[in-house]
Amino acid sequence: MSRFGDVPEAPKDPILGISEMFNADAHAEKMNLGVGAYRDDNGKPVVLNCVREAEKRIAGNFNMEYLPTNGSKDFVQQSLKLAFGENSAHVADGSIAAVQSLSGTGSCRLMAEFQRRFMPGCKVYITVPTWSNHHNIWRDAGCEQDTFRYYKESTRGLDFEGMVEDIQNAPDGSMFLLHACAHNPTGVDPSAEQWREISKVMKAKNHFAFFDMAYQGFASGDCERDAQAIRIFVEDGHKVALAQSFAKNMGLYGQRIGTVSVMCKDKEEANRVESQLKVIARAMYSNPPMHGALIASTILGDAALKAQWYEEVKGMADRIIKMRTLLRKNLEESGSTLPWQHVTDQIGMFCFSGMTGEQVDKLRTDHHIYMTRNGRISMAGVTSSNVGRLAAAMHEVTK
Ligand code: PLP
């Protein structure tokens, strides 16, 4: 009798499970469009030149001591300026509680735990659909979750009316998890005008906006523009909270670099909130990683390197936008009579194709093309040389 004889096998993660199946496939032209990691036009992972330069500058110049529980102060300050604006008065006056955390996931997890401890009875409202891990994170933190409308199947665009209605109908003071830009998995973002409206409605209801920003720069190619939702809310007087990730936009995936921040009434309140975030982090992982934080702060703290980074983020976003155009063109030229405009309307790393789970299964079994069963295509894995084969296969399974 084994001690662990009754432990059931856990279900596979819908995203990471795809990579496992992909790795087991020996086909020469297999395509992994599951995981959201950027690839160049040859399908290869990318290390940005600004990251390589930052690595050179830091090599040999730092010891390997622990960072404090709240991480690198310099990195956190740079990170806040990137999100809230270089000249943000809130960053300057110290009224934002913030700690370096374990990329976007870890930042969300700290926030969820903070919510459980200090916002009793406050439910978190999550978009339908969302990044699947949001549900896991708030479940494991023991917070009550609910959902709100976001995506309209019939238009493959935003369900603005449904979203506003659900925000209005939630109990006053509820927490809403908003994707700051490049919504995952739909690639559908509100316009600036719509964000202003959403901000107004949420203000009237005294709701709390928690922004998850995993793709700053990846949506439009412009890091400033991609922060517009946060800046609109702040301008309207919201005290928002925010998770930032440098996985995608700096290509620091495995370095696990991010920040969680909570806007407070003043510096004194921020100190108290930050002290609690530190207590939570201390028990979970003690302190965050140093190397990636040094890379990010070196880039963000040097005008020339930062300018180079902006160019390189734009290069990645532009390549994805180009692949959207090519995919739509190839689908239309393949003879498909289905509407494919959403492929180019949607933004960021993902295309929410509208394909069914069965069609996705056929792509995998008949064409060795892998993606999540909700029909989400990671556009980062599409290249000039595989887009034709992808379009032909998509036409084949959607006929
Ligand atoms: N939030 C969203 C919406 C995401 O899509 C992702 C990554 O896929 C993350 C957070 C977190 O990513 P990471 O923990 O790698 O920064």
Side-chain angles (χ1 to χ4, degrees), residues 13-19 32-39 45-46 51 71 75 79 82-83 99-112 124-141 145 147-148 150-151 176-190 209-219 226-227 229-230 241-261 281 284-285 288-289 292-293 295-296 313 316-317 320 346-352 371-372 374 376-381:
D13 180 272
I15 299 171
L16 303 181
I18 303 290
S19 295
N32 187 354
L33 309 180
V35 71
Y38 183 77
R39 300 286 177 260
V46 171
V51 168
F75 162 73
S79 176
L82 187 68
V99 304
Q100 179 191 335
S101 186
L102 306 188
S103 211
T105 307
S107 301
C108 286
R109 184 66 179 83
L110 283 192
M111 187 64 212
V124 63
Y125 284 80
I126 297 180
T127 61
V128 181
T130 194
W131 177 50
S132 52
N133 213 18
H134 280 149
H135 295 294
N136 305 333
I137 291 168
W138 268 268
R139 176 202 63 212
D140 282 2
Q145 326 183 358
T147 55
F148 66 106
Y150 186 83
Y151 177 76
F176 279 76
L177 200 179
L178 301 165
H179 299 222
C181 62
H183 183 271
N184 179 5
T186 67
V188 172
D189 284 351
F210 174 63
F211 284 99
D212 183 5
M213 183 154 66
Y215 300 94
Q216 187 177 5
F218 246 91
D226 285 357
I230 292 162
L242 170 68
Q244 286 172 267
S245 164
F246 289 85
K248 326 277 175 168
N249 57 9
M250 271 193 195
L252 295 179
Y253 305 92
Q255 298 285 349
R256 312 310 292 143
I257 299 304
T259 307
V260 62
S261 53
M284 279 190 186
Y285 54 84
I295 292 173
V313 179
M316 292 191 283
I320 290 179
Q346 295 170 357
I347 197 162
M349 204 173 247
F350 302 109
C351 167
F352 209 46
M371 62 186 67
T372 47
N374 59 4
R376 186 191 81 165
I377 301 170
S378 174
M379 291 303 299

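Reckoned from all heavy atoms, side chains included, excluding hydrogens, waters and symmetry mates. Position 1 is the first residue of the sequence, and the numbers go up from there. Every number for a ligand or one of its atoms is a count from 1 in the order of the listing.
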Participant: Does any N or O atom in H179 lie less than 3.5 angstrom from one in ligand 1, N or O only?
Facilitator: no

Participant: Once rounded to the nearest 0.5 Å, what's the spacing between atom CD1 of I295 and atom CD1 of I257?
Facilitator: 7.5 Å

Participant: Measure the CE-NZ distance between M349 and K248 for me, rounded to the nearest 0.5 Å.
Facilitator: 5.5 Å

Participant: So is Y215 close enough to ligand 1, meaning a heavy atom under 4.0 angstrom away?
Facilitator: yes

Participant: F75 vs F246, test: ring pair (Phe, Tyr, Trp, His ring centres under 6.0 Å). Steps then yes/no.
Facilitator: CA-CA 11 Å; F75 162 73; F246 289 85; 5.4 Å; yes

Participant: Does V35 offer a backbone N or O that forms a donor-acceptor pair with the side chain of S378 under 3.5 Å?
Facilitator: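 Checked: pair present.
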
Participant: If the cut-off is 4.0 Å to any non-hydrogen atom of A247, which atoms of ligand 1 fall inside it?
Facilitator: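 Ligand 1 atoms under the 4.0 Å threshold to A247: 15 (O), 16 (O).
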
Participant: Write out the residue and atom name of the closest protein heavy atom to atom 2 (C) of ligand 1, then the distance separating them to 0.1 Å.
Facilitator: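 The protein heavy atom lying closest is D212 OD2, 3.4 Å.
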
Participant: To the nearest 0.5 Å, how far apart are CD in Q346 and NE2 in H183?
Facilitator: 11.0 Å

Participant: Name the option, out of S378, A180, S103, C108, that contains the heavy atom nearest to atom 16 (O) of ligand 1.
Facilitator: S103

Participant: My understanding is that we take every heavy atom of each candidate and find the minimum distance to atom 12 (O) of ligand 1. Doing that for L102, T130, T105, I137, which one comes out nearest?
Facilitator: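 It is T105 whose heavy atom sits nearest to atom 12 (O) of ligand 1.
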
Participant: Taking the non-hydrogen atoms of M349, is any one of them nearer than 4.0 angstrom to ligand 1?
Facilitator: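 Not so, M349 does not reach ligand 1.
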
Participant: So which heavy atom in the protein is nearest atom 9 (C) of ligand 1, and how far is it from that ligand atom?
Facilitator: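 Going by distance alone, atom 9 (C) of ligand 1 is nearest to W131 CH2, 3.4 Å.
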
Participant: Hey, would you say the Y38 and Y215 ring centroids sit under 6.0 Å apart?
Facilitator: no

Participant: Between A214 and ligand 1, does any nitrogen or oxygen pair lie at a separation below 3.5 Å?
Facilitator: no

Participant: Decide if the gap between the ring center of Y125 and the ring center of F148 is smaller than 6.0 angstrom.
Facilitator: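 Ring centroids of Y125 and F148 are no less than 6.0 Å from each other.
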
Participant: Taking only heavy atoms of K248, which atoms of ligand 1 are found under 4.0 Å from at least one of them?
Facilitator: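 In order of number, 7 (C), 8 (O).
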
Participant: Any non-hydrogen atom of R256 lying under 4.0 Å from ligand 1?
Facilitator: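 Yes, R256 has a heavy atom closer than 4.0 Å to ligand 1.
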
Participant: How many angstroms lie between OG in S132 and CD1 in I15, if you round to the nearest 0.5 Å?
Facilitator: 4.0 Å

